[in-house]
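In what follows, a structure is listed as structure tokens, so that the remarks can point back to it.
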Amino acid sequence: MLLKKISVFVCASFVSCMSFAQMSDAQSETDNVIDTFFQCDNQFYEQLAKHQESINQYVDLATTPDNVTYIPVESIHENDKNKVLFKKPLEYRGLKITGYQSIYIPTTLSGQYLYWGFIFDNKEDEIKNALNNINWLPYNTNVYIANAKIYDLNAKLTEWQDDLYAIDGVAPRFGTINKALYLEDITDKQSSVFCSIQGDLKKEILIEARPDLKTIIEKQEAEQQERIKAYKEKKQKEEAEKEKLQQQQSQPQTNTTETTSKDGDNI
């Protein structure tokens, strides 16, 4: 009887150890995914693809035709559709991640602004303390910034450089692109951590940071080309009709007059 009890205890302990190891592996995988997010580059999407099974427990993933795995939202263009809440909180370094958001803001004069990142059920100070490996700097009274970078399209050395002049209220100058992490309070108990890329965005650089947007960008480009083509065809048709009308108006008019006999009509 004693040997049987010991045997049952050993088996139960083995199963518990197996379960603990699986939980530990899953936690390690989700940690790897979130760790790479803070780089604000395509490594995040590579990790999502690698650890889909672990992440799918919290939020449904999608895959582009180019096999890029990402977290989908209904629309990056609309405020009420650019967020997805998690099925359950994702624990990360003692923090609770409860949602994901992806935002696109086009402007007429200041370029394009893209933000993507996570919603935490934690206050700013809790996030700063947990992510103390990141050098958070005050951006304004409500927001912290970290890892600010700038890409000058006109510089001889075309690569990301540290941006020492990332200042609130100052738009990226023409010919430059900015990238950074932002930490901001949402409510008294919630905060967001977003990556952002903004400014005079070029397709290649944007897709390098956000490969999940390639299909959307190419669709927008195709639609834009169709609009341009339709506009040109309309203008050509209008010019052709205008030219035809001018030609008609410039032609001499033939006046028909009655010719009568000098001697009058013969009866």
Under 3.5 Å, side-chain donor or acceptor atoms of residues 66-74 against the rest of the protein: list the pairs with distances, not counting sequence neighbours.
none

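- Note that SG of C40 and OH of Y182 are 10.0 Å apart. Values are rounded to the nearest 0.5 Å.
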Derivation and outcome, side chain to side chain contact (heavy atoms under 4.5 Å, CB included), residues F194 and Q101: CA-CA 8 Å; F194 285 152; Q101 198 164 8; 3.4 Å; yes
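- A single hydrophobic cluster is seen to contain both F38 and I97, as judged by linkage of ILVMFWY side chains at heavy-atom distances under 4.5 Å, directly or through other members.
- T36 and D41 make their closest contact through O-OD1, 4.5 Å (heavy atoms, listed as atom of the first residue, atom of the second, distance).
- Minimum heavy-atom separation, Q47 to V33: O-CG2, 3.7 Å.
- Salt bridge K202/D200: present, at least one basic N to carboxylate O contact under 4.0 Å.
- The minimum heavy-atom distance linking Y58 with P89 is given by the pair CE2-O, 3.4 Å.
- Within 6.0 Å of CD on E159 lie more than 12 heavy atoms contributed by other residues, nucleotides or ligands.
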Side chain to side chain contact (heavy atoms under 4.5 Å, CB included) assessment of W136 paired with L131: CA-CA 9 Å; W136 297 105; L131 306 180; 4.1 Å; yes
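- Among all heavy-atom pairs drawn from F37 and F118, the shortest one is CG-CE1, 3.7 Å.
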Could you please spell out the steps behind the side chain to side chain contact (heavy atoms under 4.5 Å, CB included) verdict for T30 and I55? CA-CA 7 Å; T30 56; I55 298 298; 3.8 Å; yes
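- V84 and I119 sit in two unconnected hydrophobic clusters of ILVMFWY residues. Membership requires side-chain heavy atoms under 4.5 Å apart, directly or through other members.
- Under a hydrophobic-cluster definition in which Ile, Leu, Val, Met, Phe, Trp and Tyr are linked whenever side-chain heavy atoms come within less than 4.5 Å, directly or via other members, I197 and I134 are assigned to the same cluster.
- A distance of 12.5 Å separates CG of D163 from CD1 of I177, quoted to the nearest 0.5 Å.
- Using a 4.0 Å cut-off between charged nitrogen and carboxylate oxygen, D125 and K123 do not count as a salt-bridge pair.
- Atoms CZ and CG, on R210 and L114 in that order, are 6.0 Å from each other to the nearest 0.5 Å.
- By the neighbour-count criterion of 12 heavy atoms within 6.0 Å, atom NZ of K149 is densely surrounded, having more than that number from other residues, nucleotides or ligands.
- Taking the ring axis of Y144 as reference, the NZ or CZ atom of K128 stays within 45° of it and closer than 6.0 Å to the ring centre.
- Across every non-hydrogen atom of I76 and N82, the tightest pair is CA-CB, 4.3 Å.
- Considering OG1 of T107 and CG of L109, their distance stands at 7.0 Å, rounded to 0.5 Å.
- With values rounded to the nearest 0.5 angstrom, S54 atom OG is found 9.5 Å from N32 atom CG.
- Atoms CG and CG, from L206 and L201 in turn, are 5.5 Å apart once rounded to the nearest 0.5 Å.
- Classified by interplanar angle (parallel below 30°, tilted 30° to 60°, perpendicular above 60°), the ring pair H77/Y104 is perpendicular.
- Listed by first then second residue, pairs satisfying salt bridge (charged side-chain N to carboxylate O under 4.0 Å, His left out) with a partner in residues 83-112 read D35-R93, D60-K87, not counting sequence neighbours.
- Judged by distance alone, with hydrogens and angles left aside, the side-chain atoms of S191 form a donor-acceptor pair with the main-chain N or O of E124 at under 3.5 Å.
- Each of D185, N122, D121 was compared with Q190 under the side chain to side chain donor-acceptor pair (under 3.5 Å) criterion, and only D121 meets it.
- L153 is not listed as a side-chain neighbour of T176, based on a closest heavy-atom distance of 4.5 Å or more.
- With a 4.5 Å cut-off on side-chain heavy atoms, V193 and I127 count as touching.
- Ring pair Y113/Y115 is parallel by interplanar angle, where below 30° counts as parallel and above 60° as perpendicular.
- Grouping the Ile, Leu, Val, Met, Phe, Trp and Tyr side chains by contacts below 4.5 angstrom, directly or via other members, places V143 apart from F120.
- Counting heavy atoms from C-beta on, the side chains of W116 and I103 never come closer than 4.5 Å.
- Put simply, W160 and I145 are part of two different groups of oily side chains (I, L, V, M, F, W, Y) that touch within less than 4.5 Å, one to the next.
- Inter-residue side-chain proximity for V59 and Y100 is flagged as unmet; no heavy-atom pair is nearer than 4.5 Å.
- Applying the 6.0 Å contact sphere to CG of D188 captures no more than 12 heavy atoms from other residues, nucleotides or ligands.
- With a 6.0 Å radius and a threshold of 12 heavy atoms from other residues, nucleotides or ligands, Q161 has its CD atom above the threshold.
- Using a 4.0 Å cut-off between charged nitrogen and carboxylate oxygen, K242 and E239 do not count as a salt-bridge pair.
- Shortest non-hydrogen contact noted between D162 and I150 is O-CG2, 4.1 Å.
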